[in-house]
Amino acid sequence: MNPLRAVGMYFFRERLENTGPAATFARLCTSRHLEDLQWIACIVVLLTVIVLPLDLATSHFTVLDAKLPVASVLVAGVTAILSWIYQTGSSRIGAVDLFACEISAICRVSVVAQFAQGSVEQARASVDARDKIAGRFTSEEH
C-alpha cells in the first residue's frame with residue numbers, strides 16, 4: 001500500500017464507511033484503481049518537501065530579465081502536476097462509476113425478470129430431457 005492511500009484511509013475511513021457518496025478527493029486518495037497516480041503524487045510531494053527548504057532564496061532563474069526564485073518555479077510545477085493527477089484520477093473514477101452503474105442496472109433487471117429462477121428451471125428441464133433420451137442420438141435432415 002502506498003503512503004497516500006494509507007494516510008487517506010486513516011483520514012477518510014469514517015467518511016467512506018458511514019456517510020453517503022464520498023468526495024472525489026477522498027476517493028482519489030483511497031481508490032485501488034489509482035495506485036499509480038497516488039505514487040506519483042507521493043513522489044512529487046516528497047521531492048517538494050526536500051527541495052523547497054534547500055532553496056535559500058539565493059538561487060534564481062532569469063526569465064525575461066526577471067529573477068524568479070527556484071521555490072516559485074517549483075511550486076508552479078508541483079501545482080500543475082497535482083492538477084493533472086486530480087483530473088486524470090477523476091476521469092478514471094468516472095469510468096469505474098460508469099461500469100458499476102451498468103452492472104448494477106443489469107443486476108436490477110435480472111432480479112425483476114427473475115432471471116436466476118428461470119435459468120435454474122431451464123437447466124433442470126434440460127437435465128430431465130437428457131435423462132429421458134439416455135444417450136440416443138439420431139441425425140436427421142429436415
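Everything numeric here is computed off the predicted structure, so don't read it as measured data.
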Would you mind writing out the side-chain donor-acceptor pairs for residues 109-120 within the sub-3.5 Å range, not counting sequence neighbours?
unit_1, atom_1, unit_2, atom_2, d
S110, OG, I106, O, 2.9
Q117, NE2, E121, OE2, 3.4
S119, OG, F115, O, 2.9

Using the side chain to side chain contact (heavy atoms under 4.5 Å, CB included) rule, take R27 and D97 through it: C-alpha gap first, then chi angles, then the decisive distance, then the call.
CA-CA 11 Å; R27 293 181 67 197; D97 288 345; 2.7 Å; yes

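- Atom-to-atom distance recorded for L34:CG and S90:OG is 9.5 Å, nearest 0.5 angstrom.
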Please tabulate, for side-chain N and O atoms in residues 36-52, each donor-acceptor pair with protein atoms closer than 3.5 Å (sequence neighbours left out).
unit_1, atom_1, unit_2, atom_2, d
D36, OD1, R92, NH1, 2.9
D36, OD2, R92, NH1, 3.3
D36, OD2, R92, NH2, 3.0
Q38, OE1, N2, ND2, 2.8
Q38, NE2, L28, O, 2.9
Q38, NE2, C29, O, 3.2
Q38, NE2, S31, O, 3.0
T48, OG1, V44, O, 2.7

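- In this structure, S91 contributes its side chain and T88 its backbone to a donor-acceptor pair below 3.5 Å.
- Legend: residues meeting side chain to side chain contact (heavy atoms under 4.5 Å, CB included) with Q87, ordered by chain and number and at least two apart, are S83.
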